[in-house]
Each structure stands twice: as structure tokens, then as C-alpha cells.
Amino acid sequence: MRFATWNVNSVKARLPRLLEWLRDTAPDVVCLQETKVPDDAFPAEVADLGYETAHYGQGRWNGVAVLSRIGLAGVRRGFPGEPGYPDPEARAISAECGGIRFTSIYVPNGRTPDDPHYTYKLEWLTALRVALAADIAAGPAVLAGDFNVAPTDDDVWDPRVLIRSTHVTPPERAALAAFREVGLTDIVGRPLKGDRPFTYWDYRAGMFHQNQGMRIDLVYGTADIAAAVKDAVVDREARKGKGPSDHAPIVVDLDWPAT
DNA sequence: ATGACCCCTCTAAGGGGA
């Protein structure tokens, strides 16, 4: 089985590239983030490629989805106890595909460490971890998406640039560690170029071309999933060329029956 | 060359991203 996660930064703006990438990569399951469309505007072309879609859209911001060509059941939008800003936002959706519970998440940005949005981010991560405990205990599970946290200083191109910024603070990193402490493993993608598996590069100032990126898109899996990983790759090819997302997909191959 | 922000919409003296 092949699955992937990708923050597409607008499914509408990315549609030609998404369709091409789906044809070329042929994943069985895909977690998408930042679709930025309401449910009734999710592009039908994805279904034409053989994917069932569970989408939790909100309109101009956020929006997450799970696509599957191996079955899709038990869809849940959001999670119990999910905080809002002030109302709950479209940041989490989960579905069972091929016997695995996939959860696609778009973690709040946090803006700056002294902003209420930062508190919201930490509370959201804690509430998600609590809500996910039942899934982790129940069977094979994957939590994938844009976590908006770089787990270590090695996951940013230059930690000095990000002093007093979000994404690297100890409380954010502690929130990630808490997911690992309840039984999830960080499945790190292999970089196709360079020595670090960055997944995001700012559009500005040629940062992609200088490989000034961050690893903020993550794949967390239960022990049975982690043990079945044959390969995991950051598809930086998807970040090249005309009209890319600012995030690259992570593609994971499992020794797992894709049925 | 991978090539120097881009997405949305209340189309800006904007909001948000990270």
C-alpha cells in the first residue's frame, strides 16, 4: 500500500498539479490539507481518477481531506473536545481505508508566541492527542499532515533565524513529543536531495532553490504501521516548476495489503 | 536550471501563511 500527505495550499489553484501528481504517484490513500474550498466546491476530477473523498471544508481557509481508492468508511469531521478560534475550524478529518484509521490534520499556525493563536495551537494539539488515544489503542492508525512544528533544530535550515518564532518553541515540541509518548512513531521521509528531509520552503527569496526549508509536515504511525514501512520519501519534485504548493508531499510505501 | 511570494476575496491603504 502507498499513502501520502500533502498540504496543497488551495486544491483549486493546485488542481492541474494535483491530478498530474495523483496519476504519476498513484497513491492508494492521500491526506490533503489547506484545500481552501467548501465541501460543494471540492473538484470532481479527483473522483474521476478513482478516488473516494472525505472532505471537511470551511471556505476560504483551512480544509482537510482523505482520498482513497481502497475503500473509505467511518468518516469523522473534527474530533471530540476540539477547541475553536473561537468556533471549531476545518482542521481534522479521519476515515478508515484498507483497515487503517487515517487522520489528516492542519494544525493552527500560532502566528507569534505571544498571540492568542499560539495558545489555541497548543490547546488544539493537546485535545487532538486525547481524542486520538482511542484510535491508537483500537488498531493501525496514521496521523499525517501539516503539524506546523519542526520537531528539532535539525528540522529547520537555520535555527538562529527562527528565534522568538513559532514552530520551534519548547512547548510546541513538547506537544509533538506527547504524541510519540502515547505510541506513535515519526515516519521520516527520505530527502531526494540534500541531507535533510524538509517539506516546506517559503515561496519568497528563492528559499527552495537554496534549500532553506523546514520539516513541518509529519507522518505519525502506530507501531504496526511503522514496522511495515518499506520506504518514505519527500517528493521535492512536486515543489519545483510552475505553480507549486509551498509544501512537498511525503509518500510512504507499506508492506501492507492494499485492499 | 528548481530561479527569487502566493493563496483567498470585502480586488486593498487587506488577511493569512510560517
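A note on names: the letters A, B, ... follow the listed sequences, proteins ahead of strands, and every chain is numbered from 1. Predicted model only: the values in this text are computed from it and were never measured.
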Short side-chain N/O contact from A/Arg60 to OP1 or OP2 of B/dC7, under 4.0 Å: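 Answer no for this pair, as no side-chain N or O of A/Arg60 is under 4.0 Å from OP1 or OP2.
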Student check: side-chain heavy atoms of A/Tyr200 and A/Asn148 closer than 4.5 Å: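 The answer is no; the side chains never approach within 4.5 Å.
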Counting side-chain heavy atoms from C-beta on, which of [options] comes nearest to [X]?
X        : options               : answer
A/Arg111 : B/dG16, B/dC5, B/dC8  : B/dG16
A/Lys36  : B/dC7, B/dG17, B/dG15 : B/dC7
A/Trp61  : B/dG16, B/dC5, B/dC8  : B/dG16
A/Tyr203 : B/dG17, B/dC8, B/dG3  : B/dG17
A/Arg14  : B/dC7, B/dG15, B/dA18 : B/dC7

Listed partners of A/Asp153 passing salt bridge (Lys or Arg N to Asp or Glu O under 4.0 Å), at least two apart: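 Applying salt bridge (Lys or Arg N to Asp or Glu O under 4.0 Å) to A/Asp153 gives A/Arg173.
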Lys/Arg cation over aromatic A/Phe198: A/Arg215, 6.0 Å, 45° cone: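 Here A/Arg215 fails the 6.0 Å and 45° test against A/Phe198.
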Nearest-0.5 Å distance, CG of residue A/Leu22 to CZ of residue A/Arg17: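 A/Leu22 CG to A/Arg17 CZ: 12.5 Å, rounded to 0.5 Å.
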Stepwise salt bridge (charged side-chain N to carboxylate O under 4.0 Å, His left out) check, A/Arg69 with A/Asp28: CA-CA 5 Å; A/Arg69 61 177 195 180; A/Asp28 297 302; 3.0 Å; yes
Base-pairing string, 5' to 3', of DNA chain B - Watson-Crick or wobble, under 3.5 Å, | interstrand: ....((((.....)))).
SB check A/Asp135 A/Arg76 (cutoff 4.0 Å):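 Yes.
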Gap between atoms OH and C1', on A/Tyr118 and B/dG17 respectively (whole Å):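 Whole-Å distance recorded here is 18 Å.
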